[in-house]
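Side-chain atoms are counted along with the backbone in the values below, which use heavy atoms only and exclude waters and symmetry mates. Residue numbering restarts at 1 for every chain, and letters A, B, ... go by the order of the sequence lines. The structure presented is a predicted model; accordingly, all values stated were derived computationally and were not measured.
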Amino acid sequence: MPMVLLSCDKDIPEREKHIYLKVDGEDSRDFLPVSNAQTIPGTLSERGCAFCGAKLVIGGVLKDTIQMIHGPMGCAYDTWHTKRYPTDNGHFNMKYVWSTDMKESHIVFGGEKRLEKSINEAFDEMPDIKRMIVYTTCPTALIGDDIKPVCKKVMSERPDVDIFTVECPGFAGVSQSKGHHVLNIGWINEKVGTLEKNITSDYTMNFIGDFNIQGDTQLLQQYWDRLGIQVISHFTGNGTYDDLRCMQQAQLNVVNCARSSGYIANELKKQYGIPRLDIDSWGFSYMAEGIRKICAFFGIEDRGEALIADETAKWKPKLDWYKERLKGARMAIWTGGPRLWHWTKSVEDDLGIQVVAMSSKFGHQEDFEKVIARGQAGTYYIDDGNELEFFEIIDLVKPDVIFTGPRVGELVKKLHIPYVNGHGYHNGPYMGFEGFVNLARDTYNAVHNPLLKLAATDIRGGQRKVFLEAAE
Amino acid sequence: MGCEITTKQRAGIINPMYDCQPAGAQYAGIGVKDCIPLVHGGQGCSMFVRLLFAQHFKENFDVASTSLHEDSAVFGGHKRIDDGVLTLVRRYPNLRVIPILTTCSSEVIGDDVEGAVARCNKQIKEEFPDRKVHVVPVHTPSFKSSQVGGYSECMQSIFKTIAATRVEPTGKLNVFPGWVNPGDVVLLKRYFHEMGVDATVFMDTEDFDSPMMPDKSIHTHGRTTVEDVEGSTGAIASLALARYEGASTADYLAKEHDVAAHVVATPYGIGNTDAMLKTISEITGKPIPDSLVKERGIALDALQDLAHMFFADKRVAIFGHPDLVIGLAQFCIEIEMKPVLMLLGDDNSKYKRDPRILALKKDADWDMEVVCNADLWELEKRVKDPDFPIDLILGHSKGRYVAIDANIPMARVGFPTFDRAGLYRQPTMGYQGAMLLAEQIANTMFAHMEFKRDREWILNTW
């Protein structure tokens with residue numbers, strides 16, 4: 001019985017289709033969890049909205065672009081100070097957020113004039129910034145504000161500015177995933193090919209689906225520099241608006257996050273014939289494999305091997321120190337989607353960790369195919385897990401550490417289970433060789449936190465619980 | 001010289017000071033025990049607000065969503081409300097209150113929330129004849145007001161639904177502190193205890209600071225019960241400490257149930273706390289106890305060490321919730337600081353006529369500006385202006401980069417304060433709160449003196 005109906009779900013039996021327990025010898029193709037489907041109202045799901053998938057995850061990463069959110073102030077407030085994606089220009093992207101502050105009268109009479117005024121104000125107030133993305137939100141989409149003509153008008157009046165529009169209200173699709181798609185497709189159709197940059201290397205690529213979480217992009221950029229590969233654009237970690245208009249110039253698209261950004265890589269292949277190469281940037285074995293694949297494409301295998309040898313010599317001993325001490329630790333991964341399959345095998349191979357349960361907020365069928373193929377038997381694979389399910393799963397699998405967001409982290413803290421921030425990291429970057437040592441260190445420090453033993457101790461005496469019992 | 005009340009001239013916002021109405025409504029809702037607010041809108045409307053609460057309190061709070069999608073936008077979202085309410089009732093056997101909070105999307109679609117409540121009540125009664133679950137309609141479109149108004153609106157709706165009938169006199173005092181920290185609630189409850197006053201704090205958020213227990217039990221929830229709300233109609237009086245956050249509920253109880261409403265100046269600083277205690281004493285006939293006279297003395301003793309030595313003439317910019325900003329400005333004057341800039345972050349037209357602001361306007365003998373409907377760009381622009389020196393910023397964490405980039409000391413106060421540890425535990429109200437805030441300000445300034453090597457040697461002998 002590989003699909004699982006948890007007892008907390010007895011009143012919503014349709015949840016059985018979303019939870020899979022992998023069993024040895026079964027053909028998991030018959031038991032793929034249903035995913036990318038509507039959430040049952042009132043279940044306390046972890047999902048966000050399509051607007052945040054576009055603004056918070058992809059567009060808002062850009063370091064030189066005004067993010068104009070056409071809606072009430074809340075959509076701006078809520079997608080600000082919730083991400084850790086620094087830039088090399090002083091974090092302009094994390095400091096500011098813009099809203100047209102739609103009020104009732106604008107809902108009644110239309111908000112296009114207000115949008116035009118807000119766009120002009122934003123450029124006037126920040127005269128050094130010449131690029132902007134405008135997003136619709138639930139109410140401005142519902143009242144039918146036509147934002148493209150407004151942006152065209154501003155661009156005709158201000159020849160030095162360029163504006164991109166994303167029409168993806170929060171109610172679109174079933175999760176943030178819809179927003180990724182809308183932004184990807186809009187960008188390739190409207191902006192790619194509108195600019196050319198200077199080519200400085202015989203080897204050029206776009207690095208797609210990495211958002212510079214705690215410096216991931218900047219760490220990996222050191223590798224590309226050493227390999228002599230010119231990165232035409234980063235989609236979108238530490239990236240610029242104009243670099244992304246030049247994506248057509250690359251010889252290769254290297255994709256890390258296939259869920260949020262695979263669409264644009266596919267379109268670049270279809271429209272420009274640029275091949276797509278998917279890699280995993282987390283983990284020693286995966287990173288080495290990724291570098292080998294990229295170097296093979298360019299015929300610079302020697303450079304790749306030299307880089308891998310250098311990095312391995314530098315970081316492997318540190319990794320092994322942690323591996324020795326993390327062996328057998330039980331991990332749960334409750335994140336967006338792709339990190340499930342990026343991480344499950346890498347923590348197993350590189351750190352000896354056992355991943356016992358995984359829940360994806362917005363993964364699709366191919367994400368579950370990948371993670372179930374890479375993951376172990378005896379592990380739960382959950383689509384759109386909700387709070388009561390998490391409690392029950394914790395009881396079933398007894399994790400020593402959970403990679404998840406800070407709010408769920410606060411929840412499981414009460415159960416004496418440490419969390420590591422699986423979205424923004426604790427102390428990253430986590431990508432690359434050095435990054436995976438950081439991940440190992442944070443995991444080790446979480447699991448071996450002396451406070452957990454103290455928390456399990458009842459000072460009134462009685463049955464004393466020791467550290468590992470907290471999870472048994 | 002004098003105080004000028006202005007309004008932001010731009011249409012748009014750069015860095016909002018407040019979240020939207022549904023966020024405030026969610027904050028009021030989680031203050032009730034056995035209550036899960038159900039946000040009728042897109043999933044982001046609840047997911048990000050839960051994250052915001054988690055950032056500030058370092059705790060998890062339960063808020064549900066109807067997960068409104070395109071089909072609801074076209075055909076209406078009634079079914080999703082019904083499904084959401086019933087799913088919550090079925091899966092959470094102890095649940096007693098479900099406020100349904102509308103958002104911009106569900107208000108634009110025009111879903112009939114009152115109709116949904118009637119249907120849900122009927123269904124719950126049929127399916128669970130032994131349970132009473134209060135389903136509360138709360139209208140909080142995001143394009144009106146802000147988190148400040150949303151907090152007030154949800155509070156009032158909960159009372160209108162649950163406190164609909166008048167109960168026998170309870171002898172208790174209703175207290176509406178507004179959007180405050182658990183530290184403030186603990187302080188207020190202690191004050192009432194020391195005065196021998198039987199008071200009920202709405203909402204009782206003391207357990208928003210909750211423990212890790214050996215038995216792994218979870219205690220993070222509001223402590224205001226359905227019975228507390230029902231009992232409010234029999235109280236001797238209501239005391240509202242925040243004009244814009246909860247006073248409307250005191251007004252409702254006065255109008256509908258003849259419970260006298262007393263709206264006092266928000267008790268930030270010594271004078272405002274004095275006034276609050278005197279009002280409590282007048283309402284209840286209980287004297288102000290020696291213990292509070294002593295606490296007041298300890299606070300004054302501490303403030304006296306700081307005021308004319310370190311605080312005097314310092315130019316302060318204050319932003320945040322309106323009752324907090326006004327109260328802190330009054331407190332600044334008590335400790336000889338000069339509040340030169342006050343920012344209030346939504347379009348509520350009543351701020352300009354607030355008697356406390358009018359009093360500041362009357363008394364200020366230095367230049368002071370109150371900016372209404374302000375965003376944090378209004379702060380940043382002034383802070384960057386060399387002709388507008390600012391010595392200290394008081395406000396919440398969303399303004400942190402203004403202080404960081406301009407290298408101005410900033411004491412975190414209000415909501416949210418996610419970039420400092422443990423502030424939610426600390427009271428800001430009352431004598432103790434005034435003292436702790438002043439000491440936090442002083443220590444912030446001292447650390448800044450050391451960091452900038454700016455007369456740090458003064459502290460060699462202090």
Chain B contact via A:E387 - which portion, at a heavy-atom distance below 4.5 Å: side chain
So which of A:C49, A:S105, A:S99, A:C75 has the biggest tally of heavy-atom pairs under 4.5 Å with chain B? A:S99
Which of B:R90, B:Q43, B:M47 touches chain A most, by non-hydrogen pairs under 4.5 Å: B:Q43
Heavy atoms of other groups near A:K113 NZ, more than 12 under 6.0 Å: no
So for A:T100, is it side chain, backbone, both, or neither that comes closer than 4.5 Å to the heavy atoms of chain B? backbone
Heavy-atom distances under 4.5 Å only: say whether B:D71 touches chain A with side chain, backbone, both or neither. side chain
So which of B:L51, B:I218, B:L52, B:D62 has the largest heavy-atom pair count under 4.5 angstrom toward chain A? B:D62
Between B:E59 and A:K413 (salt bridge meaning N to carboxylate O under 4.0 Å), is one present in this structure? no
Does the pair B:D111/B:R80 count as a salt bridge with the N-to-O cut at 4.0 Å? no
Who among A:A455, A:C138, A:G170 has the most heavy-atom pairs with chain B under 4.5 Å? A:A455
Got a salt bridge between B:E107 and B:K144, using NZ or NE/NH1/NH2 to carboxylate O under 4.0 Å? no
Regarding A:K95 and B:D405, does a basic nitrogen lie under 4.0 Å from an acidic carboxylate oxygen? yes
Pick whichever of A:P139, A:S118, A:G173 has the most heavy-atom pairs under 4.5 Å with chain B. A:G173
Which region of B:S65, side chain (C-beta onward) or backbone (N, CA, C, O), has a non-hydrogen atom less than 4.5 Å from a non-hydrogen atom of chain A, or is it both or neither? backbone
Residues A:K361, A:D384: salt bridge by 4.0 Å N-O rule: no
Please tell me if the side chains of B:N60 and A:V408 come closer than 4.5 Å, counting only heavy atoms from C-beta onward. no
Okay, A:I119 and chain B: the region with an atom under 4.5 Å from a heavy atom over there is neither
With a 4.5 angstrom heavy-atom cut-off, which part of B:V63 approaches chain A: side chain, backbone, both or neither? backbone
Residue selection (most heavy-atom pairs with chain A, distance under 4.5 Å) from B:D346, B:I14, B:V108, B:T87: B:I14
Please name the pair of heavy atoms, one in B:I393 and one in B:V383, separated by the smallest distance, quoted to 0.1 Å. CD1-CG2, 4.3 Å
Taking side chain as everything from C-beta outward and backbone as N, CA, C, O, which of these in B:E380 sits under 4.5 Å from a heavy atom of chain A? Side chain, backbone, both or neither. side chain
Given a strict heavy-atom distance threshold of 4.5 Å, which part of A:N386 is in contact with chain B: side chain, backbone, both, or neither? side chain
Test of ring centre spacing under 6.0 Å for B:F319 and B:H396: yes
Please classify the contact of A:H91 with chain B as side chain, backbone, both or neither, using a heavy-atom distance under 4.5 Å. side chain
Under 4.5 Å, counting heavy-atom pairs only, tell me which of B:I81, B:D347, B:L38 racks up the most with chain A. B:D347
Report the option among A:T79, A:L411, A:I107, A:L388 that has the most heavy-atom pairs separated by less than 4.5 Å from atoms of chain B. A:L388
Can you see whether A:Y135 engages A:Q67 through a side-chain donor-acceptor pair at a distance of less than 3.5 angstrom? yes
Establish, from distance only, whether the side-chain atoms of A:T39 and B:S67 form a donor-acceptor pair under 3.5 Å. no
Interface check, chain B: of A:T82, A:I40, A:V174, most non-hydrogen pairs under 4.5 Å belong to A:V174
Largest heavy-atom contact set with chain A, pairs under 4.5 Å, which of B:K381, B:Q147, B:Q21: B:K381
Under 4.0 Å between a side-chain nitrogen and a carboxylate oxygen: does that hold for B:D209 and B:R425? yes
Of the listed B:S146, B:C45, B:S210, B:A23, the one with the largest count of heavy-atom pairs under 4.5 Å with chain A is B:S210
Residue, of A:R47, A:M102, A:E46, A:K117, that accumulates the most heavy atom pairs under 4.5 Å with chain B: A:R47
